[in-house]
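Take a look at the structure set out below.
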Amino acid sequence: MGEANPFTLVGRKALVTGGSRGIGSGIVRAFAAHGAEIVFCHLGDCERAWELKEDLSSNGAVVHSLECDVSDEKSVAALSKGALERLGQVDILVNCAGIGGDKPFIEITVDDWDRMISVHLRGTFLVSRCFFAGMLERRYGRIINIASQLAYKGAPRLTHYCAAKAGIVGFTRALSYEGAPHGVLVNAIAPGPVETDLLMELSEEWREMKQKQLPIGHFGQISEITPTALLLASEAGAYYVGQCLSPNGGDIMI
Ligand code: NAD
């Protein structure tokens with residue numbers, strides 16, 4: 001008899017926000033490949049959401065897609081209801097929904113600021129609070145928040161983004177104290193620059209400069225981030241509490 005696979009998610013129910021493309025879609029694919037049943041949400045990305053759901057479903061996975069604005073309380077309540085109707089419960093939550101915003105500080109409007117903080121920080125709070133109590137009750141849960149190495153490092157033209165991501169790191173640490181004694185593990189991932197639509201919003205000049213500086217010599221691929229989510233979601237990650245793991249190609253050092 002071989003040893004049990006510590007990365008298996010068979011029998012687990014997962015909700016991934018921002019799952020239609022980019023890092024979130026990679027996490028949905030990895031979780032499905034390891035046996036989880038999944039609901040993912042997106043905002044205004046119906047075509048790609050449908051394609052992802054169809055692709056995985058046709059290969060036998062149980063995957064559902066819902067639209068939701070994670071910054072909106074009513075929309076999140078509808079997401080929670082929809083996810084529970086489809087899955088029965090949520091054992092693993094990945095808060096991945098996010099937006100970019102490339103602006104010098106003096107051009108950031110109050111609306112820009114509020115939107116950035118709302119999608120990342122309020123969204124992480126709103127979605128987590130829908131499922132935390134159930135996880136505590138069942139004495140099992142995993143919450144994985146997608147932060148960014150920029151939470152630590154900062155970056156010009158991204159003050160609102162960096163502030164939101166630093167907030168997510170603090171939220172993760174604080175909530176992990178309340179969850180860990182009851183089997184609910186809360187951790188974060190702080191990726192470096194990953195080749196997604198969000199990164200493509202930044203200027204070509206910046207991207208060229210950044211690739212040259214990166215010790216590893218290339219932007220992160222989605223497949224280089226998803227194994228960290230799988231680790232934290234599975235039994236292999238059973239001793240991680242309040243951590244922020246950072247696959248970043250060495251970018252944190254420059
Ligand atoms: P992406 O633009 O490819 O995907 C973003 C996803 O979030 C999409 O599914 C989109 O529909 C969804 N979304 C956006 N706003 C939403 C909202 N209000 N409600 C619900 N869903 C919403 O972006 P990505 O690069 O894959 O980023 C995913 C996460 O990873 C984000 O939190 C981002 O900040 C973080 N991150 C990205 C990088 C990078 O370099 N790409 C680096 C570090 C951290």
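Numbers for residues simply follow the sequence, beginning at 1. Atoms within a ligand are numbered from 1 in the order they appear, just like the ligands themselves. All of these numbers come straight from a predicted model, not from anything done at the bench. Computed over heavy atoms, backbone and side chain alike; hydrogens, waters and symmetry mates excluded.
- Both the sub-6.0 Å distance and the 45° axial angle are satisfied by Arg12 relative to the ring of Tyr140.
- Nearest protein heavy-atom contact of atom 22 (C) of ligand 1 is Ala97 CB, 3.6 Å.
- Relative to atom 28 (C) of ligand 1, the option among Cys96, Gly22, Ser246, Gly98 with the closest non-hydrogen atom is Cys96.
- Residue contact annotation: Ala147 has a non-hydrogen atom under 4.0 Å from ligand 1.
- Ranking protein heavy atoms by distance to atom 30 (O) of ligand 1, first place goes to Ile146 CG2, 3.3 Å.
- The minimum heavy-atom distance linking Asp197 with Arg48 is given by the pair OD2-NH2, 2.9 Å.
- Formation of a donor-acceptor pair under 3.5 Å by the Glu178 side chain with backbone atoms of Leu175 is not found in this model.
- At a heavy-atom distance under 4.0 Å, only backbone atoms of Cys68 (N, CA, C or O) approach ligand 1.
- Polar contact check, Ile99 against ligand 1: no nitrogen or oxygen pair lies under 3.5 Å apart.
- Ligand 1 has a nitrogen or oxygen under 3.5 angstrom from a nitrogen or oxygen of Val194.
- Near Arg115, the atoms of ligand 1 lying under 4.0 angstrom from a non-hydrogen atom of the residue are 18 (N).
- A heavy-atom separation below 4.0 Å is not found between Met200 and ligand 1.
- Considering backbone and side-chain N/O of Val70, one or more are found under 3.5 Å from N/O of ligand 1.
- In terms of protein heavy atoms, atom 26 (O) of ligand 1 is closest to Ile23 N, 2.8 Å.
- Between the side chains of His64 and Glu85, no donor-acceptor pair of N or O atoms lies under 3.5 Å.
- Annotation: atom 18 (N) of ligand 1 to nearest protein heavy atom, Asp69 OD1, 2.9 Å.
- Heavy-atom minimum distance, Asp102 versus Arg157: OD1-NE, 2.8 Å.
- Counting heavy atoms under 4.0 Å from ligand 1, residue Lys165 touches it through the side chain alone.
- Of the protein's non-hydrogen atoms, Thr196 OG1, 2.5 Å is the one closest to atom 25 (O) of ligand 1.
- When hydrophobic side chains of Ile, Leu, Val, Met, Phe, Trp and Tyr are connected at separations under 4.5 Å, Met253 ends up clustered with Tyr152, Val169, Ile252.
- Contacts between Val119 and ligand 1, counted as non-hydrogen atom pairs separated by less than 4.0 Å, involve the side chain only.
- Contacts with ligand 1 closer than 4.0 Å are made by no heavy atom of Ser25, backbone or side chain.
- In terms of heavy-atom proximity, Ala32 sits nearest to Ala61 at CB-CB, 4.0 Å.
- Of the polar atoms of Arg21, at least one N or O is found under 3.5 Å from an N or O of ligand 1, judged by distance alone.
- Contacts between Glu201 and ligand 1 below 4.0 angstrom, taking non-hydrogen atoms only, are absent altogether.
- Between Ala49 and Ser65, the closest heavy-atom pair is CB-OG, 3.5 Å.
- The distance from ligand 1 to the heavy atoms of Ser148 drops below 4.0 Å at these ligand atoms: 43 (C), 44 (C).
- Heavy atoms of Gly192 come nearer than 4.0 angstrom to ligand 1 in at least one pair.
- Of the charged side-chain nitrogens involved, at least one lies within less than 4.0 Å of a carboxylate oxygen, so that Arg115 and Asp69 count as a salt-bridged pair.
- The two residues Val127 and Leu15 have their closest heavy-atom pair at CG1-CD2, 4.1 Å.
- Screening Ile143, Val186, Leu185, Ile144 for a side-chain contact (heavy atoms from CB on, under 4.5 Å) with Leu232, the sole residue that qualifies is Ile144.
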Q: Go through Glu235 and Arg142 one step at a time and tell me if the salt bridge (Lys or Arg N to Asp or Glu O under 4.0 Å) criterion holds.
A: CA-CA 10 Å; Glu235 280 315 296; Arg142 298 280 197 270; 3.4 Å; yes
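- When hydrogens are left out, the protein atom nearest atom 11 (O) of ligand 1 is Leu43 N, 3.0 Å; that is the closest non-hydrogen contact.
- The Pro193 neighbourhood of ligand 1 comprises atoms 40 (O), with distances under 4.0 Å to a heavy atom of that residue.
- Within 6.0 Å of CD in Glu54 there are more than 12 heavy atoms belonging to other residues, nucleotides or ligands.
- The atoms of ligand 1 that sit less than 4.0 Å from any heavy atom of His120 are 32 (O), 34 (O).
- Checking side-chain atoms of Lys165 against main-chain N and O of Gly154 turns up no donor-acceptor pair under 3.5 Å.
- Looking from atom 9 (O) of ligand 1 to the surrounding protein, the closest heavy atom is Ser20 OG, 2.7 Å.
- Using 4.0 Å as the threshold, Glu195 has no heavy atom nearer than that to any atom of ligand 1.
- Residue Ala14 comes nearest to Phe31 through the heavy atom pair CB-CD2, 3.9 Å, listed as atom of the first residue, atom of the second, then distance.
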Show me the donor-acceptor pairs, under 3.5 Å and distance only, between side chains in residues 86-100 and residues at least two apart or in other chains.
from, atom 1, to, atom 2, distance (Å)
Arg86, NH1, Gly82, O, 2.9
Gln89, NE2, Asp91, OD1, 2.7
Asp91, OD2, Lys13, N, 2.8
Asn95, ND2, Ser128, OG, 3.1
Asn95, ND2, Asn145, OD1, 2.8

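- In terms of protein heavy atoms, atom 34 (O) of ligand 1 is closest to Tyr161 OH, 2.6 Å.
- For a threshold of 3.5 Å applied to N or O pairs, the pair formed by Asp45 and ligand 1 contains no separation below that value.
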